[in-house]
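Positions are given from 1, in the same order as the sequence printed here. All values derive from a computational prediction rather than experimental measurement.
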Amino acid sequence: MSAGRDLLRLLGEAPFLDRLEAAALSGWSRGAVYAAFAALEEAGLVPSLPHASELIPSTQRYHLTYAGLRRLAELEEMGLGELLHSRPLTAHWRRLLLERLDGVASSYRLTAAIADTAWPLRFRWYRAAPMDAALALPDGRSLFVVREGRTAERTAFGKRLWRLREGPRPGAYLVLVPDAVRLRHTARLMARAPAPAFLALEGDAAASGRDARVWRTASGSPWLSLSEVLAHVPAGGAWPAEEALARLTVARDLRETEPGAAPAWLLPSKLSPAEKRVLDLLSDWPWIAPAHLGGLLGVSAGRVSQLTGALEAAGLAVRVSGRLAVSDRGLALLARRDRAAANLAVRRWSARPLDPAARPHWRNASGRRSRQLLRTLEHTTAVHRFAAMLAGQARACAVELLQLDPPHRASRYFRDGGVVRSVHPDAFGVLRRGERTWPFFLEWERRAVRPSTMAGRIAPYLRYYASQRPADDHGVRPAVLVVFDDELAAHHFLRVARAELQRARVDLSLWVSHRAALELEGPLGNAWRGHGSDPASGLPC
């Protein structure tokens with residue numbers, strides 16, 4: 001059957017396609033593709049793997065068995081070793097693609113949307129190059145696909161983009177990013193690229209077709225559709241090769257296993273979207289209490305127990321003194337999903353105790369940043385409680401919580417007088433109600449009790465807001481929410497802040513509250529006092 005032969009060749013170039021993506025890339029109708037896959041599966045040439053993520057609905061992804069590899073080698077009239085040398089079909093390649101399966105699926109969905117406009121396409125995966133994949137259009141123009149993962153460190157990804165800009169020049173870059181803040185940051189970095197760069201949120205690119213306006217240029221153009229993006233890609237572009245693996249090992253056929261017994265690289269196909277969501281939240285908010293995790297998810301305590309129990313059984317999460325964190329195995333899984341350094345993630349965030357026999361204590365945590373969170377556990381818990389309360393009240397008020405970043409992603413860096421400065425809030429969030437988008441920084445303050453200390457706490461924000469960077473980073477100037485444990489400290493801070501803002505003459509939307517008021521009114525209620533008299537700058541609820 002001709003469709004079957006074409007699909008075998010297609011899976012040789014792009015393993016783990018689903019049937020809709022294979023139909024778009026092969027040019028065959030959906031009916032022909034479905035029938036051909038059924039016949040190939042019955043013949044033992046291709047099996048399927050279940051897969052789903054927050055961005056990709058549940059589907060079946062196909063790859064070649066050993067018999068399928070032999071059959072493809074016969075079709076291509078080459079030996080098995082030559083086939084493995086020319087395509088991403090070795091055991092190493094399979095492990096790599098399965099570790100990155102969520103990102104692989106997003107790239108395939110983007111490629112399928114491009115195939116609706118330009119067909120036929122050539123496709124190539126890269127193992128260690130800064131780009132994830134390359135596409136060649138029918139007229140020879142090339143595109144590099146680059147995905148920024150959710151857990152990617154800012155500095156490490158910046159170095160990867162530098163390697164990308166210094167490497168072979170494509171017709172254009174297609175960059176997928178996880179949120180709007182990182183889209184703006186990545187756009188600034190790619191503005192110096194030698195070829196046009198087009199950026200989109202990964203969720204929008206994976207779910208949209210060729211006509212949805214979800215793309216923008218690095219220079220900040222109006223939103224473009226994929227068809228318009230392809231029309232702006234200049235002629236030519238590189239189609240780089242990558243050094244072949246020194247060891248070509250044939251992949252063994254996969255066996256059905258439970259998540260707890262499966263190798264780590266197979267878990268992205270085993271976990272449900274809800275379990276992946278929980279794992280990401282545990283990575284964002286280490287040492288969170290189950291009640292606060294339930295508040296972020298909007299689910300019952302029983303559902304939280306079910307989801308976290310599944311992750312613990314798979315060795316991806318740990319529970320210490322009633323609090324939850326990602327295990328070393330889970331940290332490695334997330335890092336490899338996002339092409340980050342697994343050993344660095346473990347050194348920073350490991351929840352493994354230095355001495356398993358010792359009592360739980362912050363000094364006994366092996367991860368550097370994990371240890372810092374445990375050292376200030378009361379403060380960490382307060383931030384978790386605020387995040388859970390905000391998520392719950394946003395759902396009740398029909399306010400959309402578009403983004404909620406933990407401290408390690410909420411920091412902002414800027415230049416002031418030739419010196420690199422920074423602000424390090426406890427969280428960053430974006431709320432939306434109707435047409436209004438409302439970003440904010442959160443500072444949960446426990447130590448600033450003297451006027452001089454209070455002035456020192458607000459000084460980094462005065463420098464940040466005296467520059468153009470808040471608008472460059474977010475499109476609008478975010479509010480700053482400051483919370484104190486007691487009302488008296490909040491009152492004194494507001495007085496000091498008013499004086500500092502007047503002295504610096506900086507436009508800053510500052511809102512102050514305290515723990516008791518928040519517990520009574522909620523983060524979106526009447527718990528805040530502003531430094532000015534304009535009530536229109538309050539919270540969107």
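Within the 3.5 Å criterion, the main-chain N or O of R147 finds a donor-acceptor partner in the side chain of D132. With R339 contributing its side chain and R100 its backbone, the two residues share no donor-acceptor pair below 3.5 Å. A donor-acceptor pair under 3.5 Å is absent between the side-chain atoms of D405 and the main chain of F428, judged by distance alone. At distances below 3.5 Å, not a single donor-acceptor pair connects side-chain atoms of Y34 with backbone N or O atoms of S29. R169 contributes no side-chain N or O that, together with a main-chain N or O of G167, makes up a donor-acceptor pair within less than 3.5 Å. No donor-acceptor distance shorter than 3.5 angstrom exists from the side chain of R469 to the backbone of F414, with no hydrogens or angles considered.
Residues L201 and P178 share a closest heavy-atom pair of CD2-C, 4.3 Å.
Residues H408 and W349 place their aromatic rings such that the two centres sit under 6.0 Å apart. With ring centers used as reference points, F441 lies under 6.0 Å from H474. Within the 6.0 Å centre-distance limit, the rings of H424 and Y413 are counted as a close aromatic pair. F16 and H51 have their aromatic ring centers separated by at least 6.0 angstrom.
Shown are R150, K276, E99; of these, the side chain to side chain contact (heavy atoms under 4.5 Å, CB included) with R337 is made only by R150. A ring pair (Phe, Tyr, Trp, His ring centres under 6.0 Å) with F123 is found for exactly one of W125, W119, Y126, namely W125.
Contact of the F386 side chain with the L481 side chain is registered, since non-hydrogen atoms from C-beta on lie closer than 4.5 Å. Within the 4.5 Å cutoff, the side chain of E443 has heavy atoms near those of the Y461 side chain. The closest side-chain heavy-atom distance from L98 to L49 is below 4.5 Å. At least one side-chain heavy atom of L333 sits less than 4.5 Å from a side-chain heavy atom of L279. A 4.5 Å side-chain heavy-atom check between D280 and E54 finds at least one atom pair inside the cut-off.
With respect to the salt-bridge test (charged N to carboxylate O, under 4.0 angstrom), the residues R421 and D416 qualify. With respect to the salt-bridge test (charged N to carboxylate O, under 4.0 angstrom), the residues E242 and R124 do not qualify. A salt bridge does not link K270 to E275: none of the charged side-chain nitrogens sits closer than 4.0 Å to a carboxylate oxygen. A salt bridge does not link D472 to R188: none of the charged nitrogens lies less than 4.0 Å from a carboxylate oxygen.
Summarising the local packing, CZ of R127 is surrounded by more than 12 heavy atoms from other residues, nucleotides or ligands at distances under 6.0 Å. Enclosure of atom CH2 in W223 by more than 12 non-hydrogen atoms of other residues, nucleotides or ligands within 6.0 angstrom is indicated.
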(message) Walk me through whether E148 and R160 qualify under salt bridge (charged side-chain N to carboxylate O under 4.0 Å, His left out).
(response) CA-CA 10 Å; E148 180 177 8; R160 184 177 160 200; over 6 Å; no
